[in-house]
Amino acid sequence: MPPSQPIKAARGVRDVMAAERPVWEVAETAAREVARAHGYQEIQTPAIELAALIERGVGQDTDAGGKELYRLVKRGSEDLVLRPEATAGVVRAYFQHGLNQGPQPARLFTMGAMFRYNAPQLGRYRQFHQLDVEAIGDASPAYDVECIEMAVRWMEALGLRGLRLELNSIGDRKCRPAYIKKLVAYYRPLKDRLHPDCQRRLETNPLRLLDCKEEQCAPFKAKAPRITDHLCVECAEAFAAVRAMLDAGGLEYSLNPYLVRGLDYYTRTVFEVLHEALGGAQNSLGGGGRYDGLAAEIGYPDTPAVGFAAGFERVVMMMGEEGEEVIAPPSALVLVVPDGPLLKEAAEVGRLARTMVPTAVDYSTRSLKAKMRAANRLGPRWVAIFNAEESARRVLQLKEMAGGEQREVGWDELPALLEAELTG
RNA sequence: GUGGCUAUAGCUCAGCGGCAGAGCACCAGGUUGUGGCCCUGGGGGCCGUGGGUUCAAAUCCCACUAGCCACCCCA
């Protein structure tokens with residue numbers, strides 16, 4: 001029985017159609033170029049992972065690793081989820097394929113679909129796509145800066161302007177717990193005056209108090225102790241080194257002591273690349289940071305690492321606003337248009353032309369006039385027209401659509417002629 | 001998960017109790033092998049879904065669904 005309603009795409013997902021796809025291709029190509037220019041190698045990891053990897057790696061108390069996680073129906077004893085981000089899977093692959101035995105750090109990048117069950121909005125989808133770049137196996141803050149630089153360079157290469165880089169350090173396992181205690185001690189007496197969400201945060205995830213944008217809480221936030229004033233010596237030195245290298249490299253940034261990222265695994269450096277023109281809630285094009293604790297969390301040897309992820313949907317959207325214009329190429333350079341029922345002959349001419357340039361064939365039974373109208377919309381550079389009489393002589397009329405000139409060409413001369421036209 | 005706005009042709013939208021409309025797009029003809037401009041004609045609609053009010057509902061009311069926006073969260 002047919003469905004009572006025609007079946008549409010699932011909520012929160014979208015199709016990238018032919019008019020938009022070339023923009024994605026530009027973004028993907030630029031991403032590969034930037035990553036490879038820094039010595040990074042492309043890998044692919046699965047979209048499905050064991051639930052334990054994500055829950056341990058991303059953190060069950062985070063949105064991405066908790067309520068937003070897509071869980072697959074168990075088959076047998078396999079408890080699988082759709083990945084909400086790529087880092088945990090890349091780190092898993094790094095160990096599983098022995099990259100920890102090779103030269104350190106391993107410089108890896110990947111591109112692909114991520115999945116989070118949240119309310120869809122412009123620029124935010126349930127299936128979205130990220131560029132993900134990771135340097136695994138070395139604690140030097142120089143790699144933090146390398147990641148930041150790649151993120152910014154990628155977006156700049158796509159013509160995006162009005163980018164803002166925000167930077168913070170959120171300490172490590174040594175100094176952060178002590179800071180959180182101070183933060184809670186500061187906020188506890190103010191609890192009644194915070195708005196409900198923040199009252200909840202105080203109990204569940206105190207760091208998130210710094211993320212609050214409510215005016216009601218703003219005065220308290222301004223006077224709250226700052227993590228950057230409470231870093232241990234090692235974290236403070238690393239943070240200073242990151243800033244010094246950014247300065248030396250001419251990368252502008254602003255320090256944001258309230259920048260706290262949504263995933264549990266971050267330590268020390270965190271950063272975000274924002275775009276001024278995007279709406280307040282979805283103004284983040286990408287972000288990342290150091291995650292020295294993740295490897296141990298998912299059962300591998302303690303290993304320092306740093307990386308970033310950036311969203312294609314938002315980057316592509318901003319390219320449409322202000323980036324360089326990308327024009328979708330016509331689907332074919334040559335369109336073969338037989339006048340009459342000449343299917344085999346049209347196919348043969350198509351094969352000949354295709355040896356040189358992308359070639360489509362119009363096999364429809366419409367009038368020649370209708371086929372020419374269609375040809376005009378498809379936008380090929382040439383149309384190859386022939387009727388039964390010309391077919392018998394193995395010739396065709398090659399018409400250049402832009403100027404309208406056409407001349408008779410033998411089928412066997414066609415490839416050489418097209419080549420000459422393209423190179424000349 | 002919470003609140004606001006919206007839903008009519010492929011697209012953009014008008015109509016706001018009384019025959020389902022426009023522009024663009026699509027198809028065909030005007031031109032006996034040849035596109036664009038122009039002219040003519042044509043195909044297309046459960047007016048998001050379900051219920052209610054009414055003699056009568058695209059129009060008013062309710063619910064649901066979806067989209068957008070804000071919150072939340074983040075890419």
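Per chain, numbering begins at 1; letters A, B, ... match sequence-line order.
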Between [N] and [M], how many Å separate the two [atom1] atoms, rounded to a whole number?
N: B:rC72; M: B:rC64; atom1: P; value: 25 Å
N: B:rG30; M: B:rC16; atom1: C1'; value: 41 Å
N: B:rA20; M: B:rU59; atom1: P; value: 13 Å
N: B:rG17; M: B:rG35; atom1: C1'; value: 48 Å
N: B:rG43; M: B:rA58; atom1: P; value: 23 Å
N: B:rU6; M: B:rA75; atom1: C1'; value: 26 Å
N: B:rC19; M: B:rC24; atom1: C1'; value: 25 Å
N: B:rG41; M: B:rG50; atom1: P; value: 36 Å

Output yes when [X] and [Y] qualify as a salt bridge under the 4.0 Å nitrogen-oxygen rule, no when they do not.
X: A:Arg83; Y: A:Glu85; result: no
X: A:Arg290; Y: A:Asp144; result: yes
X: A:Glu33; Y: A:Arg153; result: no
X: A:Glu146; Y: A:Arg107; result: yes
X: A:Glu408; Y: A:Lys399; result: no

task: Examine B:rA70: is either OP1 or OP2 under 4.0 Å from a nitrogen or oxygen in the side chain of A:Gln121? Give yes or no.
output: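 For B:rA70, OP1 or OP2 has a side-chain N or O of A:Gln121 closer than 4.0 Å.
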
query: Could you state the NZ-P distance from A:Lys399 to B:rG33, rounded to the nearest angstrom?
result: 14 Å

- request: Take A:His129 and A:Phe312, measure what ring pair (Phe, Tyr, Trp, His ring centres under 6.0 Å) needs, and give me the verdict at the end.
  value: CA-CA 5 Å; A:His129 299 79; A:Phe312 273 93; 7.5 Å; no

query: Can you tell me if A:Tyr291 and A:Glu297 form a side-chain donor-acceptor pair at under 3.5 Å?
result: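 A:Glu297 and A:Tyr291 do not have a side-chain donor-acceptor pair below 3.5 Å.
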
message: Checking side-chain polar atoms at under 3.5 Å, does A:Asp138 have a donor or acceptor matched by the opposite partner on A:Ser140?
response: no

Classify [X] by what it touches in the nucleic acid, base, sugar-phosphate, or nothing, heavy-atom distance under 4.0 Å.
X: A:Glu85; answer: nothing
X: A:Ala402; answer: base
X: A:Gly404; answer: base
X: A:Glu68; answer: sugar-phosphate

- prompt: Does the ring of A:Phe128 meet both stacking tests against the six-membered base ring of B:rA75: centre distance under 5.5 Å and plane angle under 30°?
  reply: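 Stacking between A:Phe128 and B:rA75: present.
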
Pick out the pairs of N or O atoms, protein on one side and nucleotides 25-28 of chain B on the other, that lie under 3.5 Å.
{"residue": "B:rC26", "atom": "OP1", "partner": "A:Arg377", "partner atom": "NE", "Å": "3.0"}
{"residue": "B:rC27", "atom": "OP1", "partner": "A:Arg377", "partner atom": "NH2", "Å": "3.2"}
{"residue": "B:rC27", "atom": "OP2", "partner": "A:Arg377", "partner atom": "NH1", "Å": "3.4"}

field: side chain to side chain contact (heavy atoms under 4.5 Å, CB included), paired with A:Trp382, selected from A:Gln406, A:Met401, A:Glu421
entry: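 Exactly one candidate clears the test, A:Glu421.
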
Below 3.5 Å between N/O atoms, which protein atoms pair up with nucleotides 37-44 of chain B? Just atom names and distances, please.
none

